[in-house]
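Scroll down for the structure; my scribbles are underneath it.
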Protein chains: 4
Amino acid sequence: MPSATPKNPDVSRRSAHSRTAILRASVELVGEVGYPRLTIEAIAARAGVGKQTIYRWWPSKAAVLLEAFTDLVHSEEHGSGLPDTGDLEADLKAVLRATADEFSDAGFEAPYRALAVASAADPELAEQFAVRLREPGRKLYAERLRAAQRAGQIDPAVDPDLAVELLLGPFQQRWLNRTGPLTHAFTDGLVELVLRALTPRSAAD
Amino acid sequence: MPSATPKNPDVSRRSAHSRTAILRASVELVGEVGYPRLTIEAIAARAGVGKQTIYRWWPSKAAVLLEAFTDLVHSEEHGSGLPDTGDLEADLKAVLRATADEFSDAGFEAPYRALAVASAADPELAEQFAVRLREPGRKLYAERLRAAQRAGQIDPAVDPDLAVELLLGPFQQRWLNRTGPLTHAFTDGLVELVLRALTPRSAAD
Amino acid sequence: MPSATPKNPDVSRRSAHSRTAILRASVELVGEVGYPRLTIEAIAARAGVGKQTIYRWWPSKAAVLLEAFTDLVHSEEHGSGLPDTGDLEADLKAVLRATADEFSDAGFEAPYRALAVASAADPELAEQFAVRLREPGRKLYAERLRAAQRAGQIDPAVDPDLAVELLLGPFQQRWLNRTGPLTHAFTDGLVELVLRALTPRSAAD
Amino acid sequence: MPSATPKNPDVSRRSAHSRTAILRASVELVGEVGYPRLTIEAIAARAGVGKQTIYRWWPSKAAVLLEAFTDLVHSEEHGSGLPDTGDLEADLKAVLRATADEFSDAGFEAPYRALAVASAADPELAEQFAVRLREPGRKLYAERLRAAQRAGQIDPAVDPDLAVELLLGPFQQRWLNRTGPLTHAFTDGLVELVLRALTPRSAAD
DNA sequence: TTTTAACCGAGACGGTACGTCTCGTCTTCTT
DNA sequence: AAGAAGACGAGACGTACCGTCTCGGTTAAAA
């Protein structure tokens, strides 16, 4: 066998400059032409890079975009947890309002939507997408709810993970389907409604 | 308008036979190769039809698939409304279980997911998708909830449309992201949790 | 056999108006876009005629053009023979000059060239082209030469048909290949040279 | 210039193997199906080559065929000049007989006729056709005649270029129009007749 | 210090599908 | 029955990208 094509490239010799240019170009382009018309050739051209340099390090244009977007998000992230002022409702409302604002920003929306869409179609990418972007956020909510549960603000019988789905599902669905605008009124109302489901029942069952 | 190309074809002379063959072929193919590898050429070939006959009547492969799937769904539909036995929880659980089963069926899942994905990326298609497939179902839920509200089973302060989002959002999100299996346990739990949010509060605020 | 497609159409019911419109449109179009880009569809559209009306009466676009051009030529033709003033050289020079002028006219050149080209590629059309357009002209020359031969101005050993080829071959070749301009100097020189070949030899062989 | 598409490809990296396969395939195919039914797709398929590889290097199927045929002819050519035994008539007869035989060979005839026809319709191609195939041959004749003129076998007043037209025009016209067979009798007769036009006149004018 | 091995920019290559164009046939309705 | 209109199956057009594969050219570690 003369050549084993997928010969692992040597990471230590990787050109950081090329990598950055590629990631930047892909985010720019997805904003300009949209995901379906985003092509590897265009990314390479815009980045001033050979196509092979992309194929060497990423398996698909979705993977490029995922990494580009992950970098972008991590670079402007505080990392901590959700605020815990003791007032669960206020905390959730604040965070969900902020999230809604973020999802309304065009620069964020285009690549994130592209990744969400691609993930829905490609389970392998979905895995990466979940691990790198969706899960971290989801876990913060789950932990905050668990804290509230320990504080007796949430019925001990409720599964916090399901509760997070109850909160984020409607939000994401509305965003993805453009069923309606992500106003603060919406997010506030959503929080209120969800909390009604989570509060401990006053008396006996 | 720069191009005169889309000169309206004469609908009355449209070949019903070709139309059927195209719709059937597209559903078959999307099940076999998946949406991204579904091509107009393959549909035409499978249907025994010229490509132009597809381009004449549909603007995109997504539109073909939407029509194909709409036809399919309508042909096997009862049309009535959601059951109303008076027991809201039982009714919702039954319907959501049935929906979960439907979404677990491979023949249904492939084209529906393809359409959902394409819709998320293409607002124009999304409009059609919503009108033809999503809204009709959503409205049935909304009506059932309104009936329950009139019967005093749901807090009059709750917006039934938001309530539907609360019920279907987590369901669809879990399905689209493959976050977990659509078991009956999941749907039952979801219904229970949602109803806790909807029930009238026993005493004062 | 359910249907014999080439069912002879009934000539007596043919629409003279459509025929004229088709012929006129084809000559116009060949002048505008050239023969290779001349399409049946365009002819039909320009003539305000169904495509089938063309296919019913002509086997190919070349045939349409041939008929169109034949009509055109015959309508403006005197029909007589070549002039015979007794001065063979003067007569031939005059006729060849006139022919050169005709071939330099754009309105004549485009369709005639188109037909000549198509004929070279399609023997069946070539037959029609020869019978209807080339032969009549050629025969006039042959007769004039035969008259001159009878008058002793041409060597009796020379085959008049070959002589015509000697005269017209260089002319047509130059025109077809655009090897050079069809000036009067050229045609005069050609006539003189050819006549040198045809004159009876003064003395013994 | 509206389009930047024809960005010059890098000739040094051109695949000689593909080029050969394309040229071979085009000659084969033009012999099998004729020029009008020769398609770029078929050439690409037969050559085992992507269509783009053809479009990258040639502007049209005619250009492909011209290069193919040029290669073919040059590969089996001696290149020298016309024979000069001192006997002009014998030399010309021999060469014209050989040419007639060549033009009667099916393998030669199909592509050459295709090119001649395409040239008559397309001046740009005609230029290439003339430079690469027609002119070289024509020049050999012109030189031979000039030699004969210097030797006093041809009237010094005769233009050798016109004389070549007189010789080759009838030949090519007969071949192109299929007016008659290219027999040795024909070519011999043609040579004799032409020489009568070229011989110096014995006495005064 | 020289060699050597990888990455890199560049882009030609064999392919697939695109959306358009025209072909010649067919069907429907009008005259 | 001919004709205007145009939908249809077919298939080539020329373009855009795909992912793979050479090409020199530049680095950086190994010899």
Side-chain angles (χ1 to χ4, degrees), chain A residues 3 5 7-15 17-18 37-42 44-45 47-57 59-61, chain B residues 3 5 7 9-15 17-18 37-42 44-45 47-57 59-61, chain C residues 3 5 7 9-15 17-19 37-42 44-45 47-57 59-61, chain D residues 3 5 7-15 17-18 21 37-42 44-45 47-57 59-61:
Chain A
S3 120
T5 328
K7 42 191 167 194
N8 313 29
D10 181 344
V11 186
S12 71
R13 314 192 66 186
R14 182 171 186 180
S15 158
H17 179 267
S18 294
R37 296 218 305 251
L38 175 69
T39 68
I40 301 260
E41 303 226 313
V49 139
K51 285 198 292 175
Q52 197 56 44
T53 303
I54 299 182
Y55 285 111
R56 180 153 35 228
W57 301 107
S60 66
K61 70 173 178 177
Chain B
S3 139
T5 330
K7 43 191 167 196
D10 182 344
V11 186
S12 72
R13 308 190 51 188
R14 182 170 188 181
S15 158
H17 179 267
S18 293
R37 294 220 303 256
L38 175 69
T39 68
I40 300 260
E41 301 224 313
V49 138
K51 285 200 290 176
Q52 198 56 45
T53 301
I54 299 182
Y55 285 110
R56 181 153 34 230
W57 301 109
S60 66
K61 70 174 179 178
Chain C
S3 117
T5 329
K7 42 191 166 195
D10 182 343
V11 186
S12 70
R13 314 193 74 193
R14 183 170 188 182
S15 156
H17 178 267
S18 293
R19 179 176 173 280
R37 295 219 305 250
L38 175 69
T39 67
I40 300 261
E41 304 225 316
V49 139
K51 286 199 292 175
Q52 197 56 41
T53 303
I54 299 181
Y55 284 112
R56 180 152 35 228
W57 301 109
S60 67
K61 68 173 179 178
Chain D
S3 143
T5 329
K7 42 192 167 196
N8 319 24
D10 182 344
V11 187
S12 71
R13 308 189 50 190
R14 182 170 187 180
S15 158
H17 179 266
S18 293
R37 294 221 305 255
L38 175 67
T39 68
I40 301 258
E41 301 225 312
V49 139
K51 284 199 291 175
Q52 199 57 47
T53 301
I54 300 182
Y55 286 112
R56 180 151 37 228
W57 301 109
S60 66
K61 69 174 179 179

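Proteins get letters first, then strands, A, B, ... in listed order; numbering begins at 1 in each. These numbers come from the heavy atoms of this one structure, side chains and all, not from hydrogens, waters or symmetry mates.
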Just the rounded figure in Å: distance from [atom2] of [N] to [atom1] of [X].
{"X": "B:Trp57", "N": "F:dA7", "atom1": "CH2", "atom2": "C1'", "answer": "8 Å"}
{"X": "A:Ile40", "N": "E:dT16", "atom1": "CD1", "atom2": "P", "answer": "20 Å"}
{"X": "C:Glu41", "N": "F:dG6", "atom1": "CD", "atom2": "C1'", "answer": "10 Å"}
{"X": "A:His17", "N": "F:dT27", "atom1": "NE2", "atom2": "C1'", "answer": "15 Å"}
{"X": "D:Asn8", "N": "E:dG11", "atom1": "CG", "atom2": "P", "answer": "11 Å"}
{"X": "B:Arg37", "N": "E:dG15", "atom1": "CZ", "atom2": "C1'", "answer": "15 Å"}

Report task. Look at all strands and tell whether A:Arg56 reaches a base, only sugar-phosphate, or nothing, counting heavy atoms closer than 4.0 Å. Result -> base
Query raised in the report: Contact class for D:Ser12 vs. all strands (heavy atom < 4.0 Å): base, sugar-phosphate, or nothing?
Result: nothing
Query raised in the report: Under 4.0 Å between a side-chain N/O of C:Ser18 and OP1 or OP2 of F:dG3, yes or no?
Result: no
**Report entry** side-chain N/O D:Thr53 vs E:dA12 OP1/OP2, d < 4.0 Å
**Finding:**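 For D:Thr53, the contact criterion (side-chain N or O under 4.0 Å from OP1 or OP2 of E:dA12) is not met.
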Requested in this report: For the residue pair C:Arg14 and C:Trp57, establish whether any side-chain heavy-atom pair is separated by less than 4.5 Å.
Outcome: yes
Requested in this report: Return yes if the base of F:dA29 and the side-chain atoms of A:Arg13 contain a donor-acceptor N/O pair under 3.5 Å, otherwise no.
Outcome: no
Query - Side-chain donor/acceptor contact of A:Gln52 with base of F:dC21 under 3.5 Å - result: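 Answer yes: a donor N or O sits under 3.5 Å from an acceptor.
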Requested in this report: Identify, between C:Arg14 and D:Ala42, the residue whose nearest nucleotide on DNA chain F lies closer to the 5' end.
Outcome: C:Arg14
Query - Toward the 5' end of DNA chain F, by each residue's nearest nucleotide, D:Thr39 or B:Asp10 - result: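 Looking at the nearest nucleotide for each, B:Asp10 comes out on the 5' side.
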Requested in this report: Would you mind telling me which of E:dC13, E:dA10, E:dT20 lies closest to the side-chain atoms of B:Lys51?
Outcome: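 For the B:Lys51 side chain, the nearest candidate turns out to be E:dT20.
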**Report entry** Candidates F:dC18, F:dC8, E:dC18 - which lies nearest the side chain of B:Tyr55
**Finding:** E:dC18
Report summary line: Note: D:Lys61 and D:Leu38 closest approach over all heavy atoms is NZ-O, 3.0 Å
Requested in this report: Looking only at non-hydrogen atoms, find the nearest pair between D:Gly50 and D:Ala44 and report the distance.
Outcome: C-CB, 4.3 Å
Query raised in the report: Of C:Pro59 and D:Ala44, whose nearest nucleotide on DNA chain E comes first from the 5' end?
Result: D:Ala44
Report task. Measure the OG1-NZ distance between D:Thr53 and D:Lys51 for me, rounded to the nearest 0.5 Å. Result -> 11.5 Å
Report task. Measure the spacing between CD of B:Gln52 and CD1 of B:Ile54 and express it to the nearest 0.5 Å. Result ->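 One gets 10.0 Å once the value is rounded to the nearest 0.5 Å.
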